[in-house]
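To start, the structure itself, in structure tokens.
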Amino acid sequence: MNPKNKKIALWIVGVLVVSAAALTVDQYFVLQKAHSTFDNYYAFRGCTQLISKTDTSGVCKTFSGATITIAEINGRWYLQGDGPGMW
């Protein structure tokens, strides 16, 4: 491989690595915000209709028509049964 092609290949790899890192950081912040409040998680999951809500959980209907339960686990919001340590 000649030096010019090597530089181009390294540049492409560098761009891919930086792009992947930027996407990872962006998704981290999106998820941090989504899990922080009931309203944020409600929007993140695509809920369109609130069916019921308490201080620690809520039931809503999504765009697709599915009914989901959102629950607070350790101060953060998740799908019921899908919080940390439950995978």
Side-chain angles (χ1 to χ4, degrees):
M1 183 179 274
N2 69 41
K4 184 177 180 181
N5 288 343
K6 197 176 210 180
K7 283 183 181 181
I8 292 171
L10 286 174
W11 185 83
I12 290 171
V13 169
V15 167
L16 291 175
V17 168
V18 169
S19 297
L23 181 61
T24 300
V25 169
D26 179 63
Q27 285 301 298
Y28 172 81
F29 287 113
V30 165
L31 289 174
Q32 290 298 311
K33 181 181 178 188
H35 290 291
S36 66
T37 67
F38 177 84
D39 291 335
N40 287 347
Y41 200 69
Y42 178 94
F44 175 73
R45 282 292 173 181
C47 291
T48 57
Q49 178 185 5
L50 181 62
I51 297 170
S52 66
K53 184 178 184 291
T54 67
D55 289 341
T56 58
S57 69
V59 178
C60 69
K61 194 170 275 197
T62 65
F63 289 119
S64 66
T67 300
I68 62 172
T69 300
I70 299 171
E72 183 181 19
I73 302 169
N74 298 328
R76 302 191 42 86
W77 294 89
Y78 300 91
L79 285 177
Q80 185 174 10
D82 195 28
M86 297 184 185
W87 304 302

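No experiment lies behind these values; they were computed from the predicted model shown.
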Practice task
Flag yes if more than 12 heavy atoms outside N5 fall under 6.0 Å of its CG atom; otherwise flag no.
Solution key: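 Atom CG in N5 is packed in, count exceeds 12.
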Who passes side chain to side chain contact (heavy atoms under 4.5 Å, CB included) against [X], sequence neighbours left out?
{"X": "I12", "value": "I8, L16"}
{"X": "V13", "value": "V17"}
{"X": "K7", "value": "none"}

Practice task
May I ask you to decide if C60's main-chain N or O and Y42's side chain share a donor-acceptor pair within less than 3.5 Å?
Solution key: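 No.
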Please set out all donor-acceptor pairs under 3.5 angstrom arising from side-chain atoms of residues 27-36, sequence neighbours excluded.
| from | atom 1 | to | atom 2 | distance (Å) |
| --- | --- | --- | --- | --- |
| H35 | ND1 | W77 | O | 2.5 |
| S36 | OG | K33 | O | 2.6 |
| S36 | OG | N40 | ND2 | 3.2 |

Exercise for the section: Write out all pairs satisfying side chain to side chain donor-acceptor pair (under 3.5 Å) with one or both partners inside residues 43-53, taking only residues at least two apart or from two chains. Expected result: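 Residue pairs passing side chain to side chain donor-acceptor pair (under 3.5 Å), neighbours aside: Y41-R45.
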Problem - Within residues 54-68 or reaching into it, pairs that qualify as side chain to side chain donor-acceptor pair (under 3.5 Å) - sequence neighbours excluded - result: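 For residues 54-68: T54-S57, T62-S64.
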Exercise for the section: Answer with yes or no whether the hydrophobic clustering places F38 together with I51; edges join I, L, V, M, F, W, Y residues whose side-chain heavy atoms lie under 4.5 Å apart. Expected result: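 Result: no, two separate clusters.
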Practice task
To the nearest 0.5 Å, tell me how far L79 CG sits from I70 CD1.
Solution key: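 The CD1 atom of I70 is 7.0 Å from CG of L79, to the nearest 0.5 Å.
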